[in-house]
Every structure is written in structure tokens, then in C-alpha cells.
Amino acid sequence: MSQAAAQAADGRPLTYLSNGFTLRSWLTSTDHKRIAILYAVSITAFFFLGGIAIGIVRLELVTPTQDLVSADTYNRLFTLHGIVMVWFFLVPSIPTTFGNFLLPMMIGAKDLAMPRLNLFSWYLYVAGGLFTVYALIAGGVDTGWTFYTPFSTMFSNSHVLAAAMGVFVVGFSSVATGINFIVTTHMMRTRGMTWMRLPLFVWAMYATSFVMVLATPVLSVALLLVMAERWLGVPIFNPTHGGDPLLFQHLFWFYSHPAVYIMILPAMGVVSEIFPCFARRRIFGYQFMVYAMVAIAVIGFFVWGHHMFVSGQSGYANLVFSFLSFVVAVPSAIKVFNWTATLYRGQITFEAPMFYAIGFVGLFTIGGLTGLFLATVPIDIQATDTYFVVAHFHYIMVGGSVSALFAAIHFWWPKMTGRMYPEIWARFAAILMFFGFNFTFFPQFIMGWMGMPRRYGSYPPEFQIYHVLSSAGALVLAAAYLLPLGYLTWAYFRAPRAPRNPWHATGLEWTTPSPPPPLNFDAPPVVNEGPYHYHPAEVGPEARPEGAEDEQRASSA
Amino acid sequence: MTASTASSPPVALHEPWEDLSRQRQAATMGMWIFLLSEMLLFGGLFAAYTVCRSLNPMGFRAGSHEADLVYGTINTVLLITSSLTMTLAVRAAPARLHKVALGFLAATVALGLAFLAVKGMEYHEDLTKSLFPGPGFKLPQQGAEQFFSFYWVMTGLHMLHMTAGVIAVSRLIVVGRRYPEWLETSPAVEATGLYWSLVDVIWMILYVLIYLPGRGG
Ligand SMILES: [Cu+2]
């Protein structure tokens, strides 16, 4: 910060970073870029909190006996991991940081449509986080992240109320962000920025926002009913009063399946920006990419029952949900094919964002295909509640979303901070993360298939080899997450300054200085072509020019 | 709001907008999307209610029969009337009829408060009749207690929304009395009106779900 102050005194142009240095200037700022940074700091804190919890879990699982922590503590640790990672890290991760930062810039706007609502959403996030931290300090929750009734409402002796309240409150933060993004995309596109010229990242944010706005309130109401039953003692799910615990599962998964798309659609948006840039090629099938994202967002609302194949719901329901789960895989597959086709005959270079993005496609594909296994009723009955399921959704959420998050961090780092990052270190971290991830989670597919159930701190000794492999992999993965924290901190203060457009990328965000001024653009930009014009039509792509971006090219883009 | 204490009138136009009419459109659109979200919030509740009612039809009938139709009907009339006054206020504001708009806003707040007061009386009566689920609950039928669980949760959540609405309309009055011109241009007027209508519409559904099931003869 003091570094930046000196720059401002140097007579450097005012940027969003040098626009005030007090804590107050950050906590009351309505600048979408500053709010993005507030979110980035908070989700990083929660990421490490959730990471520590699962670190202890993985340590416990090195031996077959329950010896490091008690079974009760073990339950509280994996519950904490789930709640924190899902609601305080993955769901807000890309939308609230990169969405906040980039959405207005990509459409040529000065800010989001409702800047004060945007700041308010961050305070809601913090308030929800405080409830959750309170639940942790008071002794934790042992229901699992799913809060299943009647255990959560009638039997659990842990801090369900505080944790549910935390998730309830943070839900409104999601809704506020979603509303803001939708209105911004409709109302604030600059001249010439038609719907079919929007970068795919903007489309991803738009589709995600609708899922947030429509799915989150159903979770809120499910948790409200749990809180009412637990706190006021009113019987709603209680089977002895005619209630139905499955009702809770339906409400919960009505949100929590679409929540997977809240986590993965933004990731798809990120890699759709990165592949064209580092392959120097237009995105293959732009319109299909748009329709695929919209289709995923819509169909994703009708597949929640695949989480309940063994719950005792009707066999016909199983059949329909199974079919629809297969259907939703089609647009995802279209996207994977289109990314691959974008690379075909491209002039590919392997900067760190590209490594992360390629890792994303591989891991997402494995996660998606194993999802089809689980969408098949007979196979799901075999694999339910095993490590196969755990491995599957971590391939989507961690292999997919988190890889894309790191791709985004490196790709837009020069824009956000005005500094480059050390490329060698970043590539090393990207490769390490890919290996660490597979090392951690691939053994879980194998042991899950062999019958190792999830959520147990002790297990038969024949599974030990897989657990040891997985725990060792987690160590590598932890190193791969800590490494960027180190070199990026260094880069923020010491790395060479970034030009406007270090990657020679298309997109309005690259036409402003790095870091951008408080109101993004000197004058509202005008757009007269579609996105990803890396080469003229009917002409093959050329290699990316060497060296720094020259400024005229950037400002004319 | 600092607006009521500041000496200069509050500005309706905020960054990042350059054009007040577009800003108003954006506020209206944002409110519509928020209402969509609210509909799913209550929609989840209504779905849960429906499932439970289909599991325990007799219990829900017995429960509903105990709900106080008189209070419920009075409140329905109060709320429908308040929606009328609110809409008239929203229409009067841009037409520069400041006094009229303020009058209708005040009527809306009064009707809203009357609703809350009647609801409070109804709650009081319910409690004295042991209609709060728990030990000593009045009705023996399976599901009746569950009906009243939904009754308390749904009307409670609706009351919270009403309270927020009353505060929002009161704020329009406080600022509008000082700076009548602000009422003409502020995006808050129409947005508040939309919100008020939603709270009203949700009550209509609640009225049907709560007071009518046990009465068809
Ligand atoms: Cu699912």
C-alpha cells in the first residue's frame, strides 16, 4: 500500500488502487473493483479455513483406526470443510471476485448498475461468515454440509442454528450479486455491445446470476424451516407428527444441484476467455457456447432428484431424474468439444493461465463422465455415499472450478494489480496443482468403487494404501495452493509493471490502463465487432507478437 | 438516510448513471428480479405446505378450521386497500401531485400498521387458545400441529416482509416531505410500490392456504 502511495505521489495516473489508502476508503467503497478485492481477501481466508479442516481429516485417515481426533470431532471437521468450502468459497469465488471486477469492464460500463447494493452484498457475506465462525468457535456442527433432517432438527447436539443462519444470510448476498449482474448486463452495455458480441465470461455471469436468484431462495426457505423446527420446536419435518424428512432433501437439492452450476458456469466463462487468447484463435462455435450455457442453467434446475436415488423416492422419479441428468451432460459436452476445436490449428503457447485452463478441461471431463456413472440408477445405488461420489464432485468443484479460478487469477493478475507475475513459478505451481489434485482424488475413485464409504474416520485396513496416497496428494495440493500466495505477494510489490494488454488479448478490459482508473474508461468505448477477433475470418491465426503490447493497438481494439 | 438531515436536497441520480430515466428503469428491473427471487422463497414454503397437506389432509382441515377467519378477512381487506393507495401514490408522484402522493403514502403506512396490529391481536388469541405447536397443543389430529407450524412460519415471514415494507414507505414519506421534488424522480418510489404489491399478492395466497381449507362444508 505504501508503495502505491509513493507511485501516486510520483505523478502516476490515479488508479482504483491508489484512490484512497485508509481502511475506511476500502470498507465504504462502492467501486466494483475494490469490492472485488474485498471479496477476494475474504474468500481466501475461508478457503484456508476450510483447507485446514480437511487437512486434519486427511491426517486422521492415514491410519485405519480413529486415533487423531474423536469420531465426533471428525464429523465436525468434515462438516466445517463442506459448509465453508461450498458457501463461503466456491459459490462466491469467481462471480464475486472476477465477476465483480470484470463484468462492468467487459461491457464497457463504469460500474455495476447498483454499486451500493454491491457493497451491501459483501457485508451480508461477512455477516454470514461471522455466524459460521461463531458456530465453529462454539464447538462446530456435525450434520454434514447437507443439514439432513431429522438429525439436524431433532437429534444433533451441535451448533446447527448458527451454521444454518450463516448459510441463510450468505444466500441473500448471492441473490443481491445475481440481481446486480443481471440488471447490469441488460442496462449498461456500451454502444455496439450487442448480446451476441458479449464475451462468454459475461454470458457465464449472466446465466449464473439467474441460477443464484432462482435457486438460492429455496435453500433459504429449507434452512428457515430447519431453524424453526429446531429453535421453536414446531414440527415440520418430524415424522412422528406426520412430517416427511424427504421433503427437506427435495428442497435442499433443488438449490444444491443448481449450485454446482453456480460453481462451474463461471469457470467455463473463464476458460472460454483464455483458450482463444493463448491459441490466437476465435472461439469455436460462439453461439453454441452461449446456448449451451443457457441450457445448462435451465436444465440444471430439473435434475436434483439424482441425489436421492436411494432415498426411497418413487422409481418413476428416479427414471426421470436419471434421464434429465444425462440430458444436462449434452451442453457440457458441447462446450468441451468447442474448447478442443478452438485449440485445433491454433498458435498455442503455454503460459500459466493456459496450463490451468487445460487442466480444467481434463479434470472437468473426468468429473463429468463419472457424473454420468452416478446418474445411472443401478450404478448409483452401488456407489452412493462412497468415496466414488466424493472423488466425482471434487473433480468438478476443485479440479474444475478451482483450476479455473487460478487460471483467472494469473490471466487477469496484470490487469488487477498492474504487475506481472513470475511465469516460471506460476507454471510450476500449475503443474504441481494438476498432479497434486489427481494424486489426491484418483485413489478415491478406486477405493470408492471398492466400497469405502464417505464420512468415516476409521476403516478396514485394505483401504489404507489409497488413503495414504490421497493424504500424500493432499500435501502436494496444499503446497500448490500456498505457492501462488507467496509469489503473487512478492509480485504485487516487486514484479515488473504490466502494460495495458500483456497477452495481446481482445476484450474491453484490456483497453484500459493496468490497474484501471476508478471509473474504468476515459470515455465510453464503442464496439463494432464480435468478441475474440484474434484473426480475420478465413485467415489462419498468427503467433502472438513478442514483447509488450503497444498502446495504440490496445486502445483501438 | 442522510438525505433527511442534509441541507441540500438528495440527488436521485447516482453513479454510474448519466441518465435518470435509465437509472429508474434499472431500479425497476432490479426490483422485478428481486420479486422473482421472493416468489421462489415463498414458493418453496407453499410447495412444502402442499406436500404436507397432501400427507395429512384431515389434520390440515382441522387446523384450518381453528384459524380465525374474521381476523384473516379483515387483514385481507386492509391489504388490498393499501395496495390501491400505494399504487395511487406511485402514479401521483411523477405527476407532480406531491400532497396527494404523500397523503396516499401515509394512508398506505396506516393500513400496513393496522394489518400488523390485527395480526398481533390474532397471534395473541392463537396463543391463548394453545395453538402454538408444542406440549399442550389444542388439537389432537395428526397433522394439525404441522398445519400450525406452517401457519406461524408463513405468517411470521410475511409479517417480516410487511414490516420492511412499512419502513420503506415511511422512508419515502420522511424524505418526500422535506423535498417533494425528490418524489417525482426517485427510482425508489416505483420500486417500493412493486415490493408492496408482492407482499400483498403473497398474502392473498396465504389467506387461501390458511383460512379456507377447513370451511368448504
Ligand atoms: Cu446434482
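In the text below, chain A, chain B and the rest are named by the order of the sequence lines, each starting its count at 1. Values below: every heavy atom of this structure, side chains too, minus hydrogens, waters and symmetry copies.
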A:Trp231, CH2: over 12 other non-hydrogen atoms inside 6.0 angstrom: no
Chain A: which of B:Gly134, B:Gly143, B:Ser37, B:Pro133 shares the most heavy-atom pairs with it under 4.5 Å? B:Ser37
Taking every heavy atom of A:Leu225 against every heavy atom of B:Ala48, the minimum-distance pair comes out as CD1-CB, 4.2 Å
Just wondering, more than 12 heavy atoms not from B:Met204 lying within 6.0 Å of its CE? yes
Should we say atom CZ of A:Phe120 is surrounded by more than 12 heavy atoms from elsewhere, each under 6.0 Å from it? no
If we count only N and O atoms by modelled type, under 3.5 Å, do the side chains of B:Gln146 and A:His241 hold a donor and an acceptor together? no
Honestly, the part of A:Leu112 sitting under 4.5 Å from a heavy atom of chain B is backbone
Take atom CE of B:Met39 as the centre, draw a 6.0 Å sphere, and report whether it contains more than 12 heavy atoms from other residues, nucleotides or ligands. no
Find the one option among A:Leu247, A:Leu519, A:Leu117, A:Val218 whose heavy-atom pairs under 4.5 Å with chain B are most numerous. A:Leu247
How about CZ on A:Arg230, more than 12 heavy atoms from neighbouring residues, nucleotides or ligands closer than 6.0 Å, or not? yes
Can you tell which part of A:Met187 gets under 4.5 Å to a heavy atom of chain B, answering side chain, backbone, both or neither? both
Would a 4.5 Å heavy-atom cut-off, applied to side chains only, mark A:Met188 and B:Pro16 as touching? yes
Please state whether the side chain, the backbone, both or neither of B:Glu18 comes within less than 4.5 Å of a heavy atom of chain A. side chain
Mind checking the CG-CG spacing from A:Leu219 to B:Leu40? Nearest 0.5 Å is all I need. 12.5 Å
Below 4.5 Å from any heavy atom of chain B, which atoms of A:Pro115 appear? Answer side chain, backbone, both or neither. side chain
Less than 4.5 Å to any heavy atom of chain B: does that hold for the side chain of A:Ile236, its backbone, both, or neither? both
Starting from the C-alpha separation in whole Å, work towards a yes-or-no answer on side chain to side chain contact (heavy atoms under 4.5 Å, CB included) for A:Val234 and B:Phe132. CA-CA 8 Å; A:Val234 297; B:Phe132 194 89; 3.9 Å; yes
Ranking B:Phe34, B:Phe147, B:Trp17 by heavy-atom pairs under 4.5 Å to chain A gives rank one to B:Trp17
Contacting moiety of A:Val175, where chain B heavy atoms sit under 4.5 Å: side chain
Contact part of A:Thr240 toward chain B, heavy-atom cut-off under 4.5 Å: side chain, backbone, both or neither? backbone
Which portion of A:Leu251 sits near chain B, non-hydrogen atoms under 4.5 angstrom: side chain
Within 6.0 Å of NE2 in B:His14, more than 12 heavy atoms from elsewhere: yes
Non-hydrogen atoms of B:Leu55 and A:Gly242 that approach each other most closely: CD1-O, 4.2 Å
Contacting moiety of A:Ala113, where chain B heavy atoms sit under 4.5 Å: both
Proximity breakdown for B:Gln23 and chain A, heavy-atom pairs closer than 4.5 Å: neither
Which residue out of B:Ala144, B:Ser149, B:Gly44 racks up the most heavy-atom pairs below 4.5 Å with chain A? B:Ser149
Would a 4.5 Å heavy-atom cut-off, applied to side chains only, mark B:Met29 and A:Ile182 as touching? yes
Heavy-atom pairs under 4.5 Å with chain A, option from B:Leu45, B:Val153, B:Leu41, B:Asn56 with the top count: B:Leu41
Greater than 12 external heavy atoms within 6.0 Å of B:Trp32's CH2: no
Heavy-atom pairs under 4.5 Å with chain A - which of B:Leu157, B:Ile33, B:Val51 has more of them than the others? B:Ile33
Heavy-atom contact with chain B under 4.5 Å, split by part of A:Phe254: side chain
